[in-house]
Amino acid sequence: MKQAKDIALRVTITYVLLGILWIVLSDYFSMALTHENLNMYIYFQRYKGWFFVFVTGIILFLSVYRRTHELIESNKKLTNKERQLQIKNQHYHSLFEQNPDAVFELSLDGDVVSVNGEAEGLLESTYEELKEVNFSQFLQGEEMKRVTDHFFETFKGFASTFETTIHLPNNKRKILRCSLVPIIVNRKVTGIFAIARDITLIKENEEMVVASEKLSVIGQLAAAVAHEIRNPLTSLKGFIQLMQATNTINHDHLDIMLSEVDRIDLISGEMLILGKQQEIHFLHERLDDILRQVLVLMEAQANLDNVSISYENLSEKPIYVLGESNQLKQVFINIIKNAVESIPKGENGRVSITLAPHGKDAHVIVKDNGVGMEPERIEHLGEPFYSTKEKGTGLGLAVCQKIIERHKGHIHFKSEKQKGTAVEITLPVKESETTSDFAD
């Protein structure tokens, strides 16, 4: 409105100034003609008005044309920008509404501004219900605190991704992979987009793969363990037959028999613990104890394959890790088993296991003097269904890597053809023995 007034005012002032200028000049010119030529004076007086209208018309036309052209071009640009804005809004609407993930738009106070259909389905609530919701009804205890920490971190303008567990009515539980993305307008965070995907089935399938691989490992160990148990059973049978024949009890023989029974109990106990389906709770576990328990099982297969296993703990104090002992045992058994099987039959095989501290991490290094691998094969280790064994599935190392990732660690392979392979497993060290929450 103000711009229109300015244009009208400029046109008016221009017209008035031109009129005043014309009157002054024309009167001056008329007076000059009066003294020189009366006919020219009459002619000039007759047509000066027409001349003024013609000149001012051209000037006004050019002035109005320029301003109108600018306004039209500006209007075209504005219309084009509005069209682009509408297209972007449609893109945003499509991204928001048609997104296969649940999308929530949240205010800085944590209130729900808008949600898409997937979000309503994920939380089994309508938009009207979610506008009044308190997210503490879906998150419990430490999970609420952890999500809140990520929420406040997003206030600083940083996106974050994490996994969490929500609890719905009727004792339903879902595991979500979430991303928090800041909404930034004029360099200020004005809100947050929360994007969530239900990965409950994915996690369950991962657990099934881990469980099936565990059963496979136990099945392969069974023959070696049975052979290992048969030796103390043969000793027990011999001593019992000797007692029956002599009808006497030898206390030295009893001590040997008890030690053999203890060994059978230890081996069978480890097999039962390894095979038992348990809830996954991350606890502070002593890594040295886990490795020694694994050695009890693995020595059986090593003896069958004529492979010697040595273990060395280089740490001066106990090393604790936050983890699930059964899954860590599964990893170490798989790695040591691969090391034993990489040594050709009939050769004097050696497998060394070393536990060493390294800053805030613990390193478990498993070395063998087996056949080794080419560098191009090492790059594919850990990929599902890729195996260097003739009848291998490749799932063993894939499961091991997944388990170690859950424990915030990593696995590194080094190998040289005909010289052997070294597997280094790194896990973060924890100081105390207190327990943690349920691991997702």
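Distance CG/N313 to OG1/T354: 9.5 Å, rounded to 0.5 Å. To the nearest 0.5 Å, atom NZ of residue K81 and atom OG of residue S74 are 8.5 Å apart. Rounding to the nearest 0.5 Å gives a distance of 11.0 Å between CD1 of I333 and CG of L328. Taking NZ from K414 and OG1 from T421, the interatomic distance works out to 12.5 Å, rounded to the nearest 0.5 Å. Put simply, OG1 on T154 and CG on D149 are 10.5 Å apart, with the number rounded to the nearest 0.5 Å. In this structure, the separation between CG on D368 and OG on S352 is 8.5 Å, given to the nearest 0.5 Å.
Between the side chain of H407 and the backbone N or O of E324, at least one donor-acceptor pair lies under 3.5 Å. In this structure, K174 contributes its side chain and L122 its backbone to a donor-acceptor pair below 3.5 Å. Side-chain atoms of R197 do not come within 3.5 Å of backbone N or O of P100 as any donor-acceptor pair. With D101 contributing its side chain and I195 its backbone, the two residues share no donor-acceptor pair below 3.5 Å. A donor-acceptor pair under 3.5 Å links the side-chain atoms of T200 to the main chain of I175, judged by distance alone.
Shortest non-hydrogen contact noted between G323 and E285 is O-CG, 3.8 Å. The heavy-atom pair separating A196 from C178 by the smallest distance is CB-SG, 4.1 Å. Residues A356 and I319 approach most closely at C-CD1, 4.4 Å, considering heavy atoms. Residue L168 comes nearest to L123 through the heavy atom pair CD2-O, 4.0 Å, listed as atom of the first residue, atom of the second, then distance. Minimum interatomic distance between S107 and V113 (heavy atoms only, all atoms of both residues): N-CG2, 3.8 Å. The heavy-atom pair separating Q401 from F413 by the smallest distance is NE2-CE1, 3.8 Å.
More than 12 heavy atoms of other shown residues, nucleotides or ligands fall within 6.0 angstrom of atom NZ in K417. For E316, the CD atom sits in a loose shell: 12 or fewer heavy atoms of surrounding residues, nucleotides or ligands are nearer than 6.0 Å. Enclosure of atom NE2 in H358 is not indicated, since only 12 or fewer non-hydrogen atoms of other residues, nucleotides or ligands lie within 6.0 angstrom.
There is no side-chain donor-acceptor pair under 3.5 Å between D289 and Y320. In this model, no donor atom of one side chain and acceptor atom of the other lie less than 3.5 Å apart for E424 and H412.
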Quiz item: Which is it for L106 and V112 under the side chain to side chain contact (heavy atoms under 4.5 Å, CB included) test, yes or no, and what are the steps along the way?
Solution: CA-CA 5 Å; L106 307 175; V112 175; 3.9 Å; yes
Quiz item: Stepwise, does the side chain to side chain contact (heavy atoms under 4.5 Å, CB included) test hold for R173 with T165?
Solution: CA-CA 7 Å; R173 171 179 167 274; T165 303; 3.4 Å; yes
Exercise. Verify side chain to side chain contact (heavy atoms under 4.5 Å, CB included) between L291 and L295, making sure each step is shown before the conclusion.
Key: CA-CA 6 Å; L291 289 170; L295 287 175; 5.5 Å; no
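Contact check for F332 versus L287: side-chain heavy atoms found under the 4.5 Å cut-off. Between E153 and S160 the shortest side-chain heavy-atom distance does not fall below 4.5 Å. Between L180 and F155 the shortest side-chain heavy-atom distance does not fall below 4.5 Å. Contact annotation: the side chain of I343 never approaches that of N306 to less than 4.5 Å [non-hydrogen atoms, C-beta and beyond]. Annotation: side chain of L176 is in contact with side chain of D198 (closest heavy-atom distance under 4.5 Å). Between T79 and K76 the shortest side-chain heavy-atom distance does not fall below 4.5 Å. Side-chain contact check for V189 versus I183: every heavy-atom pair is 4.5 Å or farther apart. The shortest distance between side-chain heavy atoms of L62 and R66 does not fall below 4.5 Å.
Looking at E73 and K77, no side-chain N of the basic residue comes within less than 4.0 Å of a carboxylate O on the acidic one, giving no salt bridge. Contact check on E124 versus K172 returns a salt bridge, with a Lys/Arg side-chain nitrogen under 4.0 Å from an Asp/Glu carboxylate oxygen.
Looking at V321, V364, D361, V331 one by one, the single match for side chain to side chain contact (heavy atoms under 4.5 Å, CB included) with L427 turns out to be V321.
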